[in-house]
2 protein chains.
Amino acid sequence: MRIGQLAQSVGVDTQTIRFYERQGLLPPPGRQENGYRVYTEKHVERLAFIRRCRILDLSLAEIHELKRYQDAPHQSCTAVNALLDDHISHVRSQITALQALEKQLVSLRARCNDDREVKACGVLAGISEGSMHQQ
Amino acid sequence: MRIGQLAQSVGVDTQTIRFYERQGLLPPPGRQENGYRVYTEKHVERLAFIRRCRILDLSLAEIHELKRYQDAPHQSCTAVNALLDDHISHVRSQITALQALEKQLVSLRARCNDDREVKACGVLAGISEGSMHQQ
DNA sequence: ATTGACCTTATAGCGACTATATAGTTTTAA
DNA sequence: TTAAAACTATATAGTCGCTATAAGGTCAAT
């Protein structure tokens, strides 16, 4: 299977595949005489795994780490769970920060009832005054 | 006032100040004979405004846009409010996406009760299987 | 013979900084 | 007074995860 077919079957751009290879995330495939990359089913699985990790918003570094755990299948999986726990708390703190931000933005927005002159706009005034609490 | 003092009074790195200048966000200050930048109170206010916008997670492009509105103080401020409304809905959709992600991660995490072998780890199995719903 | 679809590498761009290298200037302390 | 520390300047590269572009080689069909 060539790169275009792999790309299509996993739903990824060919550039992204070459990028993952350069990053050491996807093992270098064989080559045809003309230099074209040749992939196997293993590559399909591996690439799909990477993509599912990315959907979970794991970083490439974290995916690397997971790969290292997979390569030592008889070790305890504590580290895998720890990685996930860390990631979950990361996501949760992002949510918390964004919720605080939303609140701030909504209260700023409430300072202006449209159609004033820019000069009198409560929103701009609100930002300029610095009547903002640090998050 | 020199760059270091400006940096300290607003709580920004000097590099960031020079970066904002290059981006056209902060007007180029005067220079001493030795080439050192000399800032005024206007620069302090302007930089503080930029920082408060950044705390609200507005992009540099959005801050540019706000600046253009400020430069036309007699226009209607509808566009200012629209910018903020757009930003609020952007933040809200980020929150929604992250909440869905959190849910997915938590359910994945529930598939493993620590201390198994990596080989039998429900978390890794869960990612590999592809038993994931697209967000 | 040429078009078009595919493949190759190399390089630059995104956003908002941050870090590093190299050098000149000013201030402070021994 | 001199030497070190602290400040300033510019230019350039790195971060992250791609995405885009350029410039070319390969292959099948028309």
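Note that the coordinates shown come from a computational prediction; the quantities given were computed from them, not determined experimentally. Throughout, a chain's letter reflects where its sequence line sits, starting with A, and its residues are numbered from 1.
- Where DNA chain D meets chain B (any atom under 4.0 Å from a heavy atom), the bounding nucleotides read 5' to 3' are D:dC7 to D:dT10.
- Evaluation of the salt bridge (charged side-chain N to carboxylate O under 4.0 Å, His left out) rule for B:Arg68 yields no partner, not counting sequence neighbours.
- In this structure B:Lys119 satisfies the side-chain contact (heavy atoms from CB on, under 4.5 Å) test together with A:Pro73, A:His74, B:Glu117, sequence neighbours excluded.
- At least one donor-acceptor pair closer than 3.5 Å links the side chain of A:His87 to the backbone N or O of A:Leu56.
- Across residues 13-28 of chain A, A:Arg18 each have a non-hydrogen atom less than 4.0 Å from an atom of DNA chain C (numbered order).
- Residues that satisfy the side-chain hydrogen bond (donor to acceptor under 3.5 Å, both in side chains) test with A:Tyr39, not counting sequence neighbours, are absent from this structure.
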Nucleotides 26-29 of chain C: which of its N/O atoms have a protein N/O under 3.5 Å away?
| unit_1 | atom_1 | unit_2 | atom_2 | d |
| --- | --- | --- | --- | --- |
| C:dT26 | OP1 | B:Asn34 | ND2 | 2.7 |

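- By the 4.0 Å N-to-carboxylate-O rule, B:Glu129 lies close enough to B:Arg111 to be salt-bridged with it.
- Partners of B:Gln32 under the side-chain contact (heavy atoms from CB on, under 4.5 Å) rule, at least two apart in sequence or in another chain, are B:Arg2, B:Asn34, B:Tyr36, B:Val38.
- Nearest-nucleotide mapping onto DNA chain C: of B:Ala61 and A:Gly35, the residue sitting toward the 5' end is A:Gly35.
- Take B:Asp13 and apply the side-chain contact (heavy atoms from CB on, under 4.5 Å) test, not counting sequence neighbours, and it matches B:Gln15, B:Thr16.
- For the pair A:Pro29 and A:Met1, the minimum side-chain heavy-atom distance is 4.5 Å or more.
- Without hydrogens or angle criteria, B:His43 side chain to B:Pro27 main chain gives a donor-acceptor distance under 3.5 Å.
- Each end of the helix from C:dA1-D:dT30 to C:dA30-D:dT1 gets its own axis, taken as the rotation carrying the C1' atoms of four end pairs onto the next four within a five-pair window, and the two axes meet at 30° to the nearest 10 degrees.
- Residues satisfying the salt bridge (charged side-chain N to carboxylate O under 4.0 Å, His left out) criterion with A:Arg37, sequence neighbours excluded, are A:Glu21.
- Less than 4.0 Å separates DNA chain D from no heavy atom of any residue of residues 40-49 of chain B.
- Within the 4.5 Å cutoff, side-chain heavy atoms of A:Val12 are placed close to those of A:Arg51.
- Side-chain contact between B:Phe49 and B:Leu25 is absent, with no heavy-atom pair separated by less than 4.5 Å.
- By the 4.5 Å heavy-atom criterion applied to side chains, B:Arg92 and A:Val106 are counted as neighbours.
- If you measure from atom CD of B:Glu62 to atom C1' of C:dA16, you get 13 Å, rounded to the nearest angstrom.
- Residues that satisfy the side-chain contact (heavy atoms from CB on, under 4.5 Å) test with A:Ser107, not counting sequence neighbours, are absent from this structure.
- Residue-environment remark: CD (B:Gln75) stays at or below the threshold of 12 foreign heavy atoms within 6.0 Å.
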